[in-house]
Amino acid sequence: MDFALPPHIEALRRDVRDFIDHEVIPLEADRANYDAHENLDETVLAGVRDKARERGLWCFQMPEDRGGRNTGVVGMAALYEEAGRSPFGPLAFNASAPDDGTMILLNKILTEEQKDRWLQPIIEGRVRSSFAMTEPDGCGSDPSLTYTKAEKKGDKWIITGRKWFITGAEGAQHFVLLARTGDDDRKGLTAFLFDADQPGWEIVRRIPIMGPEEHGGHCELRFDGLEIPDENRLLNVGDGLKVTQIRLGTARLTHCMRWLGLARRSMEIAAEYVERRMSFGSTLAQHEGVQWMLGEVAKDIQVGRLLTMQAAWKLDQGDFARNEISMAKIHVADTLHKAADTAIQLCGARGYSKDTLLEWIYRYARQARLVDGASEVHKMVLSRSYLGEKGDFFRWGI
């Protein structure tokens, strides 16, 4: 097994790391660079994105003929991890949720003409997107519980219902919407594209949350007669779950990639502190208990990287990598929280304050065990797979 990155990916990884160190991390210290929701101000972000484009560090996940770098999923894993060392890094390279998952989905299933209309503006960073699936009274981890309806009238679909915790909805222009078109649990859902300028829908509220927010927040939406032309249906009627699986498979893994970067950053902050902080005649780093704490998290980060890379490799081979993605999602979500918590403990009051990024990461980390499938759901998936395969569950390769 060759665990080395291809030379061109390694070169890109170093460029991304350098960009994060010199162009992005310095912005974190000045709260004037933040917006009201603890994210990077739009004007500041635009300047960083311009610099990233000039360096050729843009849309690693997209084809070169559409302005991306086409690095494959393994390449994305290495680059996204480096980008994730700052919470603002993925935004700088157009590699953040929910746009990242939307771009990957649309690139796989749209015609070239449709890509010009719906995908290219997202790639170029001219608009943002959102994925409207979760509902107050229905689907979350289980899309089959969708209640929002799409009724066919002529060559249009009429949408009624509600969605909530829709990431990035405020300010998004292009939406992917999941709605019920039939009674069957597996084939009763259909996915659609709609534009924010279309009438018949509204943002009811931007839901306040515990942690820092992505641009556009997490919103509640109401649909009351939104008309979507049939030409803006994704795949066939009844293929909504298929669309969801295409989008969420890789998107779950890109979360893991970025979270590993934040976990590493947490430990970088802690390591810098314990190596200079004196306590009882020696640095904290010389204390055995501190070494155990650092070593435990370092081990967990590396395990998470291996799980993530294995899943990325399988996706590059054309496999769905469902088990591997679930394993990575569970482990990396736990590791991010553990890394942030350990780093705060080692930095003491300084870590708990806003003098470091640790408290930001700590609040953000709690959502990792919930988004894109709760950890318990992924454990259930793994259990079912193991019981169905027994010894074959642990096979090598794909």
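All values below were derived from every heavy atom in this structure, side-chain atoms included, with hydrogens, water molecules and symmetry-related copies excluded.
Under a 3.5 Å cut-off, the side chain of Trp58 and the backbone N or O of Ile123 do form a donor-acceptor pair. Judged purely by atom type and a 3.5 angstrom limit, Ser130 uses its side chain to pair as donor or acceptor with the backbone of Thr167. The main-chain N or O of Gly56 is found under 3.5 Å from a side-chain atom of Arg69 such that the two form a donor-acceptor pair. No donor-acceptor distance shorter than 3.5 angstrom exists from the side chain of Lys149 to the backbone of Gly182, with no hydrogens or angles considered. Judged by distance alone, with hydrogens and angles left aside, the side-chain atoms of Thr148 form a donor-acceptor pair with the main-chain N or O of Arg162 at under 3.5 Å. Between the side chain of Ser383 and the backbone N or O of Met380 there is no donor-acceptor pair closer than 3.5 Å. Not one N or O on the side chain of Lys329 forms a donor-acceptor pair closer than 3.5 Å with the backbone of Arg252. Under a 3.5 Å cut-off, the side chain of Asn70 and the backbone N or O of Glu64 do not form any donor-acceptor pair. Under the 3.5 Å distance criterion, the side-chain polar atoms of Gln61 are left unmatched by any main-chain donor or acceptor of Thr71. Listed for the His22 side chain is a donor-acceptor partner under 3.5 Å among the backbone atoms of Asp18.
Classification of Arg233 and Asp239 as a salt-bridged pair fails, no side-chain N sitting under 4.0 Å from a carboxylate O. Looking at Glu124 and Arg126, a side-chain N of the basic residue comes within less than 4.0 Å of a carboxylate O on the acidic one, giving a salt bridge. The existence of a salt bridge linking Glu28 and Arg265 is confirmed by a sub-4.0 Å separation between a basic side-chain nitrogen and an acidic carboxylate oxygen. Using a cutoff of 4.0 Å between basic side-chain nitrogens and carboxylate oxygens, Arg117 and Asp195 are scored as salt-bridged. Taking a cutoff of 4.0 Å between a charged side-chain nitrogen and a carboxylate oxygen, Arg13 and Glu81 do not qualify as a salt bridge. Salt-bridge formation is not detected for the pair Glu220/Arg206: no Lys NZ or Arg NE/NH1/NH2 atom is positioned less than 4.0 Å from an Asp or Glu carboxylate oxygen. Using a cutoff of 4.0 Å between basic side-chain nitrogens and carboxylate oxygens, Arg395 and Glu389 are scored as salt-bridged. Using a cut-off of 4.0 Å between Lys/Arg side-chain N and Asp/Glu carboxylate O, Lys338 and Glu296 are scored as salt-bridged. With respect to Glu54 and Lys51, no salt bridge is recorded, no charged nitrogen being found less than 4.0 Å from a carboxylate O. A salt bridge between Arg363 and Glu38 is present, with a side-chain N of the basic residue lying under 4.0 Å from a carboxylate O of the acidic one. Residues Asp300 and Arg305 are not paired through a salt bridge, judged by the lack of any N-O separation under 4.0 Å between the basic side chain and the carboxylate.
Nearest heavy-atom pair, Ser86 versus Ile25, reported as atom, atom and distance to 0.1 Å: CB-CG1, 4.2 Å. Across all their heavy atoms, Thr102 and Ser129 have their closest contact at OG1-OG, 3.1 Å. Taking each heavy atom of Ile228 and Leu193 in turn, the nearest pair found is CG2-O, 3.4 Å.
Within 6.0 Å of atom CG in Asp183, 12 or fewer heavy atoms from other residues, nucleotides or ligands are found, so the atom counts as exposed in its surroundings. Heavy atoms of other residues, nucleotides or ligands lying less than 6.0 angstrom from CD of Glu113 number 12 at most. More than 12 heavy atoms of other residues, nucleotides or ligands shown are found within 6.0 angstrom of CZ on Phe393. With a 6.0 Å radius and a threshold of 12 heavy atoms from other residues, nucleotides or ligands, Phe320 has its CZ atom at or below the threshold. Annotation: Arg14, atom CZ; neighbour count of heavy atoms from other residues, nucleotides and ligands within 6.0 Å does not exceed 12. Heavy atoms of other residues, nucleotides or ligands lying less than 6.0 angstrom from NZ of Lys115 number more than 12. Within a 6.0 Å radius of NZ in Lys153, no more than 12 heavy atoms belonging to other residues, nucleotides or ligands are found. By the neighbour-count criterion of 12 heavy atoms within 6.0 Å, atom CZ of Arg17 is densely surrounded, having more than that number from other residues, nucleotides or ligands.
Considering Trp118, Trp201, Phe131 as possible partners of Phe175, the one that fulfils the ring pair (Phe, Tyr, Trp, His ring centres under 6.0 Å) test is Trp201.
Under the 4.5 Å side-chain criterion, counting only non-hydrogen atoms from C-beta, Leu27 is in contact with Val44. Arg322 is not listed as a side-chain neighbour of Ser385, based on a closest heavy-atom distance of 4.5 Å or more. For the pair Asp35 and His215, the minimum side-chain heavy-atom distance is below 4.5 Å. Counting heavy atoms from C-beta outward, Met278 and Thr283 have side chains that approach closer than 4.5 Å. A heavy-atom distance below 4.5 Å is not found between the side chains of Leu57 and Glu23. Contact of the Met257 side chain with the Thr308 side chain is registered, since non-hydrogen atoms from C-beta on lie closer than 4.5 Å. Taking 4.5 Å as the limit, some side-chain heavy atom of Val16 sits within range of a side-chain heavy atom of Phe60. Side-chain contact between Arg66 and Asp116 is present, with heavy atoms from C-beta onward closer than 4.5 Å.
Cation-pi geometry between Arg180 and Tyr147 is not met at under 6.0 angstrom from the ring centre and within 45 degrees of the axis.
Interatomic distance, CG of Asp15 versus CG of Leu79, reported as 9.5 Å (0.5 Å rounding). In this structure, the separation between CD on Glu272 and CZ on Arg276 is 4.5 Å, given to the nearest 0.5 Å. Rounded to the nearest 0.5 Å, atoms CG (Leu315) and CD (Gln310) are 10.5 Å apart. Interatomic distance, Ile269 CD1 to Leu358 CG, rounded to the nearest 0.5 Å: 4.0 Å. Here CD of Glu82 is found 13.5 Å from CZ of Phe19. Values are rounded to the nearest 0.5 Å. The CD1 atom of Ile104 lies 12.5 Å from the CD1 atom of Ile109; values are rounded to the nearest 0.5 Å.
Remark: aromatic rings of Phe93 and Phe88 are distant, center separation not under 6.0 Å. Separation of the His174 and Phe194 ring centroids does not fall under the 6.0 Å cut-off.
Judged purely by distance below 3.5 Å, without hydrogens or angles, the side chains of Asp341 and His337 never pair a donor atom with an acceptor atom. Looking only at atom types and distance, the side chain of Gln345 has no donor-acceptor partner in the side chain of Thr342 under 3.5 Å away. Under 3.5 Å, the side chains of Asp230 and Trp157 contain a donor-acceptor pair of N or O atoms. Under the 3.5 Å distance criterion, with hydrogens and angles disregarded, a donor-acceptor pair is assigned to the side chains of His287 and Ser282. Residues Ser353 and Glu359 have side chains that never bring a donor and an acceptor to within less than 3.5 angstrom of each other. Defined by atom type and a distance below 3.5 Å, a donor-acceptor pair is missing between the side-chain atoms of Asn323 and Tyr386.
Cluster membership check: Met133 does not share its hydrophobic cluster with Leu177, using side-chain heavy-atom separations under 4.5 Å among Ile, Leu, Val, Met, Phe, Trp and Tyr. Transitive grouping of hydrophobic side chains (ILVMFWY, heavy atoms separated by less than 4.5 Å) keeps Val74 and Met327 in distinct clusters.
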